[in-house]
Amino acid sequence: MSSSLHPDGKLNPSDSVTNPSGNASILDVIEARQMSRRAFLKNSVGATAVAALGGSALAGMSDKALAHPLGRKHAIAAALHSPSPAGGIGFASIAPNVVPMSDKVTVPAGYTARVLVSWGDSLNAEPHWDTVGAMDEATQLRSFGAHNDGMHYFPFTPAGKGKAAEKIGNWRGLLVANNEYCDPGLVCNTTSYGTDVISEEMVRAQLAAHGVSIVEVWRKRGGFEVKRPSAFNRRITGRTPCRVSGPAAGHPMMKTDADGKGKV
């Protein structure tokens with residue numbers, strides 16, 4: 001995404017590091033992990049073998065067991081930036097986006113990416129959110145939420161087993177996405193967010209952008225689409241009533257309404 005309130009687009013054009021902090025790089029972490037694992041396995045295998053069968057019987061076993069470690073940092077880097085071997089996924093890595101930001105999804109050569117559903121897309125037959133104006137609570141509650149993080153596909157499978165049931169699950173199911181956070185400036189359509197007076201309407205719209213989005217998807221005309229309307233399409237937000245069960249049910253800390261009786 002691109003926004004004056006978002007920290008993207010601020011890296012040095014010649015800087016290819018996506019994490020400019022002083023923390024160890026992922027290559028350093030992997031190498032340290034591999035070296036400590038090698039030392040542990042070598043000592044453990046050697047000690048166990050000597051204790052059980054004697055050193056001469058299994059001389060060199062630990063070296064053979066570790067014949068293919070990831071090795072040095074340059075070897076790890078080469079593996080990460082090389083095409084997968086035959087039988088693998090089969091793509092080479094891509095460079096990170098730096099200034100100027102391309103503001104698009106970049107995929108390896110030979111692959112394509114297309115939008116299935118976007119923030120503000122309607123979950124029913126009503127029009128999508130008009131991004132010219134600010135998002136409001138009512139529109140957001142009937143639209144796909146903001147900034148999804150984790151997601152999972154739950155296939156529709158009829159009773160029974162076999163290829164027919166598996167096929168149905170491959171072309172129809174529920175896509176459930178976690179809407180982790182929102183960009184207040186984009187929700188409220190303002191570039192001066194932080195100095196604006198925060199209204200209750202703005203807060204409710206932002207709260208509605210969080211939560212979970214559930215959409216029915218199906219394969220149609222060679223690609224997946226969101227099914228509209230669908231009885232399964234819905235949003236779960238911080239204001240969605242939930243029934244609490246189990247040992248925590250009825251505890252004072254689980255009660256959220258004014259009269260202390262809790263919401264169910």
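Numbers here simply count residues along the sequence, with the first being 1.
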May I have the step-by-step check of side chain to side chain contact (heavy atoms under 4.5 Å, CB included) for Val176 and Val212, ending in yes or no? CA-CA 7 Å; Val176 181; Val212 176; 3.6 Å; yes
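- Side-chain contact between Leu175 and Met151: present, with at least one pair of heavy atoms (C-beta onward) separated by less than 4.5 Å.
- With values rounded to the nearest 0.5 angstrom, Phe224 atom CZ is found 9.0 Å from Arg114 atom CZ.
- With hydrogens and angles disregarded, a donor-acceptor distance shorter than 3.5 Å links the side chain of Asn233 to the backbone of Leu123.
- Ring to ring, Phe156 and Phe232 are close: their centroids are under 6.0 angstrom apart.
- The distance from the CD1 atom of Ile214 to the OG atom of Ser230 is 10.5 Å, given to the nearest 0.5 Å.
- Atom CD of Gln206 is separated from atom CG of Leu186 by 10.5 Å, given to the nearest 0.5 angstrom.
- Under a hydrophobic clustering in which Ile, Leu, Val, Met, Phe, Trp and Tyr are joined whenever their side-chain heavy atoms come within less than 4.5 Å, directly or via other members, Ile236 and Phe154 fall into the same cluster.
- Side-chain atoms of Tyr181 never come within 3.5 Å of backbone atoms of Asn148 as a donor-acceptor pair (strictly under, hydrogens ignored).
- Between the CD atom in Glu200 and the CG atom in Leu207 there is a gap of 11.0 Å [rounded to 0.5 Å].
- Between Gln140 and Arg235, the closest side-chain pair of non-hydrogen atoms falls below 4.5 Å.
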Decide side chain to side chain contact (heavy atoms under 4.5 Å, CB included) for Val187 and Trp119; before the verdict, give the C-alpha distance in whole Å, the side-chain angles of both, and the deciding distance to 0.1 Å. CA-CA 10 Å; Val187 174; Trp119 171 41; 3.7 Å; yes
Before you tell me yes or no, could you show the steps for Thr237 and Glu137 under side chain to side chain contact (heavy atoms under 4.5 Å, CB included), namely the whole-Å CA-CA distance, both residues' side-chain angles and the distance that decides it to 0.1 Å? CA-CA 11 Å; Thr237 74; Glu137 181 185 27; over 6 Å; no
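- Ser118 places no side-chain N or O within donor-acceptor distance of the main-chain N or O of Asp121, the cut-off being under 3.5 Å.
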For Val217 and Leu116: C-alpha separation, side-chain torsions, deciding distance, then whether side chain to side chain contact (heavy atoms under 4.5 Å, CB included) applies. CA-CA 9 Å; Val217 296; Leu116 174 64; 4.1 Å; yes
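- Ala113 and Val105 get closest at one heavy-atom pair: CB-CG1, 4.2 Å.
- Pro127 approaches Ser122 most closely through the heavy-atom pair O-CB, 3.6 Å.
- Checked by atom type and distance alone, the side chain of Thr139 never pairs as donor or acceptor with a backbone atom of Met135 at under 3.5 Å.
- A donor-acceptor pair is defined here as one N or O able to donate and one able to accept, closer than 3.5 Å; such a pair exists between the side chain of Ser213 and the backbone of Gly145.
- Taking each heavy atom of Thr106 and Ile94 in turn, the nearest pair found is O-CD1, 3.0 Å.
- The CZ atom of Arg204 lies 9.0 Å from the CG atom of Leu141; values are rounded to the nearest 0.5 Å.
- Closest approach of Phe144 to Ala177, counting heavy atoms only: CZ-CB, 3.9 Å.
- With hydrogens and angles ignored, the 3.5 Å screen pairs no side-chain donor or acceptor of His210 with any backbone N or O of Asn179.
- Not one N or O on the side chain of Asp136 forms a donor-acceptor pair closer than 3.5 Å with the backbone of Glu201.
- Taking every heavy atom of both residues into account, Ala134 and Cys188 meet most closely at CB-O, 3.6 Å.
- Counting heavy-atom neighbours within 6.0 Å of Arg219 CZ, excluding the residue itself, gives a total of 12 or less.
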